[in-house]
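Data first, discussion second: the structure below is written as structure tokens.
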Amino acid sequence: MSTIKGSLTIVYEPPFYKAIFERRFNSTYEVSQINLGPSEPKLTLIYDLVIHHWNRIIFFKQTVCALYEQQSLSS
């Protein structure tokens with residue numbers, strides 16, 4: 001059985017707000033970051049981004065096994 005998980009986190013890193021998208025599918029982890037600008041993003045902007053522009057978001061892929069190897073090497 002396959003499991004798909006996704007999340008969206010909005011963070012403020014001065015001077016910009018950023019949207020961080022994460023998604024996991026089996027052993028694959030993908031992440032994307034989008035700059036939302038210097039003012040606090042409105043909910044309508046976030047909805048529009050997710051609903052109408054999801055196909056334009058570029059995700060960077062990494063397997064979960066590779067992430068664990070990197071963490072153990074850096075420890």
Side-chain angles (χ1 to χ4, degrees):
M1 183 168 138
S2 297
T3 302
I4 301 170
K5 294 182 181 181
S7 68
L8 168 61
T9 305
I10 306 295
V11 296
Y12 179 68
E13 291 182 5
F16 299 108
Y17 283 89
K18 296 179 183 179
I20 300 172
F21 292 91
E22 296 175 279
R23 64 183 181 189
R24 294 172 196 261
F25 176 74
N26 292 336
S27 64
T28 302
Y29 172 77
E30 297 176 323
V31 65
S32 179
Q33 177 177 295
I34 297 175
N35 184 349
L36 299 174
S39 59
E40 186 173 344
K42 304 287 186 216
L43 199 52
T44 53
L45 170 71
I46 296 167
Y47 283 154
D48 186 58
L49 181 64
V50 171
I51 294 171
H52 300 292
H53 301 287
W54 180 259
N55 60 339
R56 294 185 190 173
I57 298 173
I58 299 170
F59 284 87
F60 296 94
K61 185 186 299 188
Q62 191 163 20
T63 60
V64 173
C65 295
L67 287 174
Y68 289 126
E69 289 173 10
Q70 287 178 355
Q71 289 175 352
S72 63
L73 290 175
S74 64
S75 300

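In what follows, residues are counted from 1 in the order of the sequence shown.
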So CD1 of I57 and CZ of R23: to nearest 0.5 Å the spacing works out to 8.5 Å
Side-chain donor-acceptor contacts of residues 32-56 below 3.5 Å, not counting sequence neighbours, with atom names and distances?
| unit_1 | atom_1 | unit_2 | atom_2 | d |
| --- | --- | --- | --- | --- |
| S32 | OG | I58 | O | 2.9 |
| N35 | OD1 | G37 | N | 2.9 |
| D48 | OD2 | H53 | NE2 | 3.3 |

- Query: Should the pair F21 and F59 be assigned to parallel (<30°), tilted (30 to 60°) or perpendicular (>60°) ring geometry?
  - Reply: perpendicular
Do the side chains of L8 and Y12 join up, straight or via other hydrophobic residues, at under 4.5 Å, putting them in one cluster?
yes
